Amino acid sequence: MKILVTGGAGYIGSICVEQLLNADHEVIVFDNLTEGHRKAVDPRAELITGDLQQRCDIEDALEKTRPEAVMHFAANALVGESMENPSKYFRNNVYGGLNLLDAMVATGCRKFVFSSTCATFGPPDRLPIDETLPQRPINPYGESKLMFERVLRWYDEIHSLRFVALRYFNAAGATERFGEDHRIETHLIPNVLKVALGQKDHVEIYGTDYETPDGTCIRDYIHILDLAQAHMLALGTTESGFFNLGTGGGTSVREVIAACERVTGRSIKVIEKARRPGDPARLIAGSAKIKSELGWSPRFEAIEPIVESAWQWHVRNPLGYGD
Ligand code: UDP
């Protein structure tokens, strides 16, 4: 298929692009390169530099390339930042996304795969978090993604725009060529690995008084290749739907740090800090629906091999993409 990928120069987008190309799809990357990196764009893909805030940028790109499907990764995705600057999240994630959908409708492209998030749920009443739970986000990031999910439902009904929304839990890991390099790194695993590389003195733990066995937050870390696999399967379905996407395992912040120490063979200095606003205590995916309806099954379930792949990439690319 011919697929346009927004945010294809970012962490998750770049690896999905690589996997799409490996599966012989034709890929066009649309990215404004504010968060993404030119070097993260697989050279086999065409790169169009443009901004979703400008409707004409994306409409021109769709008009020119006429893809059969769009995968939409371009977004802001930091809980903490969204609590300080909600406007950025509603503008980029809702308004930017609307420009994309309207340009798709105008140019006749009706297949869409959306990067949604478990942050649309907020603190769950029970675990694991399956698709039947109520969505009550507790930060503007989660709210912006939920708003866009609701938009999708109506574009499906009114414009026959078929979508698959994948609600990611915590994406982690790397492939041989592409990995995680945010200009301001807030994520746990890359920050711990920076300590192991000697680029940071210590890692901070945000909150040790949560109601979890070791007092730190529990997340469901999913390998980026398993996540990419879900996107491939999403391309193959004709039905619209929402799917939660994680391994179903829970790993605490302290367990992640311990796994990083084992994988790197280096000790990690830790400083315990207060909770980060907007963080729920436990997020674990119920992925029965995507397993049964799309046939997805994760290859990586333990945290060590996920961390190992990230570590290998960071050792090979200590300065990330270097821009
Ligand atoms: N976290 C931490 N120290 C850090 C970064 C993150 O303790 O330097 C915690 C964070 O509070 C959360 C978990 O690690 O409980 C995962 O955070 P991350 O930012 O990686 O992903 P999120 O769950 O926010 O998408």
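Atoms within each ligand, like the ligands themselves, are counted from 1 in listed order. The structure displayed is predicted, hence computed values, not measured ones.
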Query raised in the report: How far apart are the C-alpha atoms of His231 and Phe73, what are their side-chain angles, what is the distance that settles it, and do they pass the ring pair (Phe, Tyr, Trp, His ring centres under 6.0 Å) test?
Result: CA-CA 11 Å; His231 289 74; Phe73 297 92; 5.1 Å; yes
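- Considering only non-hydrogen protein atoms, atom 24 (O) of ligand 1 sits nearest to Arg276 NH2, 2.8 Å.
- Nearest protein heavy-atom contact of atom 15 (O) of ligand 1 is Cys217 CB, 3.0 Å.
- For ligand 1, the atoms closer than 4.0 angstrom to any heavy atom of Asn191 are 8 (O).
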Please lay out, stage by stage, how Phe243 and Arg167 fare under the test side-chain contact (heavy atoms from CB on, under 4.5 Å). CA-CA 6 Å; Phe243 298 93; Arg167 298 182 184 129; over 6 Å; no
side-chain contact (heavy atoms from CB on, under 4.5 Å) evaluation trace for Leu294 with Thr237 = CA-CA 8 Å; Leu294 299 189; Thr237 176; 3.9 Å; yes
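- In terms of protein heavy-atom proximity, atom 11 (O) of ligand 1 is closest to Asp279 OD2, 2.6 Å.
- Proximity to Thr186 (heavy-atom distance under 4.0 Å) selects the following atoms of ligand 1: 5 (C), 6 (C), 19 (O).
- Phe148 is listed as a side-chain neighbour of Leu101, based on a closest heavy-atom distance under 4.5 Å.
- Residue-level proximity to ligand 1 for Tyr221 is carried by the side chain, the only part with a heavy atom below 4.0 angstrom.
- Aromatic ring centres of Trp313 and Tyr321: separated by under 6.0 Å.
- Scanning all protein heavy atoms for the shortest distance to atom 21 (O) of ligand 1 gives Asn170 ND2, 3.1 Å.
- Atom 1 (N) of ligand 1 has Tyr206 CD1, 3.6 Å as its closest protein atom, hydrogens excluded (heavy atom only).
- Checked against Arg275 for a side chain to side chain contact (heavy atoms under 4.5 Å, CB included), the options Thr208, Asp209, Ile205 give a single hit: Asp209.
- Tracing side-chain contacts under 4.5 Å through hydrophobic residues (I, L, V, M, F, W, Y), one reaches Val256 starting from Leu197; they form part of the same cluster.
- Residue Leu227 comes nearest to Ala171 through the heavy atom pair CD1-CB, 3.8 Å, listed as atom of the first residue, atom of the second, then distance.
- Looking only at heavy atoms of the protein, atom 20 (O) of ligand 1 is closest to Leu188 N, 2.9 Å.
- In this structure, atom 9 (C) of ligand 1 lies nearest to the protein heavy atom Val253 CG2, 3.8 Å.
- For ligand 1 and Ile205, the ligand atoms under 4.0 Å from any heavy atom of the residue are 7 (O).
- A heavy-atom distance below 4.5 Å is not found between the side chains of Leu4 and Met71.
- Between Arg219 and ligand 1, an N or O atom pair is found at a separation short of 3.5 Å.
- In this structure, the protein non-hydrogen atom closest to atom 3 (N) of ligand 1 is Glu204 O, 2.6 Å.
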